[in-house]
Amino acid sequence: MREYAREQILEDYGAEALEKIEQTEYNGNMLLVYADDNAFEIIGGILTNHSMSVDDALKLLDVDMDAWAEGKGWEGWDWEALDLLDVE
């Protein structure tokens, strides 16, 4: 992971999130994450050479957020908590 990406993740999400990312195996140069006051979850890695939206990432990873949240035991999820992080 690039130093700039480390610094940005640390600033935006904190040390626990950075540690979680560094301990997770993922493919790609971007990560789709879910981050709110209660959770920081890595949904998946994406290898891309262009910018994309969260919608694009969800489609590419074939993620149904309702089913994903249900699988976590959550009653719902917040669209605003989805984010794409440049990690490479």
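- At least one donor-acceptor pair under 3.5 Å links the side chain of Asn29 to the backbone N or O of Thr48.
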Between Ile21 and Phe40, does a side chain to side chain contact (heavy atoms under 4.5 Å, CB included) hold up when you go through it step by step?
-> CA-CA 10 Å; Ile21 290 170; Phe40 182 89; 3.8 Å; yes
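- Here the closest heavy-atom approach between residue Gly76 and residue Ala69 is recorded as O-CB, 3.9 Å.
- One finds the CD atom of Glu7 at 10.5 Å from the CZ atom of Arg2 (value rounded to the nearest 0.5 Å).
- Hydrophobic clustering, with ILVMFWY side chains joined whenever heavy atoms are under 4.5 angstrom apart, keeps Met52 apart from Tyr26.
- In this structure, Trp79 is a member of the same hydrophobic cluster as Val63, with clusters built from ILVMFWY side-chain heavy atoms closer than 4.5 Å.
- Note that OH of Tyr13 and CG of Leu18 are 12.5 Å apart. Values are rounded to the nearest 0.5 Å.
- With rounding to the nearest 0.5 angstrom, the CG atom of Leu60 is 11.5 Å from the CE atom of Met30.
- Placement of Ile46 and Tyr34 within a single hydrophobic cluster is found when ILVMFWY residues are connected by side-chain heavy-atom separations under 4.5 Å, directly or transitively.
- In this structure, Val33 is a member of the same hydrophobic cluster as Leu10, with clusters built from ILVMFWY side-chain heavy atoms closer than 4.5 Å.
- The number of heavy atoms from other shown groups lying within 6.0 Å of CG (Asp64) is above 12.
- Atom CG of residue Asp56 and atom CG of residue Leu61 lie 11.0 Å apart, to the nearest 0.5 angstrom.
- Counting all heavy atoms, side chain and backbone alike, Ala5 lies closest to Asp86 at CB-O, 3.3 Å.
- Closest of all the heavy-atom pairs between Ser53 and Leu84 is O-CD1, 3.6 Å.
- The local environment of CG in Asp62 is sparse, with at most 12 non-hydrogen atoms from other residues, nucleotides or ligands closer than 6.0 Å.
- Residues Leu58 and Leu32 come closest through the heavy atom pair CD2-CD2, 3.6 Å.
- By the neighbour-count criterion of 12 heavy atoms within 6.0 Å, atom CD of Glu88 is densely surrounded, having more than that number from other residues, nucleotides or ligands.
- In this structure, Trp77 is a member of the same hydrophobic cluster as Ile43, with clusters built from ILVMFWY side-chain heavy atoms closer than 4.5 Å.
- Remark: Asp12 pairs with Gln8 by the side chain to side chain contact (heavy atoms under 4.5 Å, CB included) rule, at least two apart or across chains.
- Note on ring orientation: taking the six-membered ring where Trp is involved, the planes of Trp74 and Trp68 are perpendicular (angle over 60°, cut-offs 30° and 60°).
- No more than 12 heavy atoms of other residues, nucleotides or ligands sit less than 6.0 Å from atom CD of Glu16.
- In this structure, OG1 on Thr24 lies 3.5 Å from CD1 on Ile42, to the nearest 0.5 angstrom.
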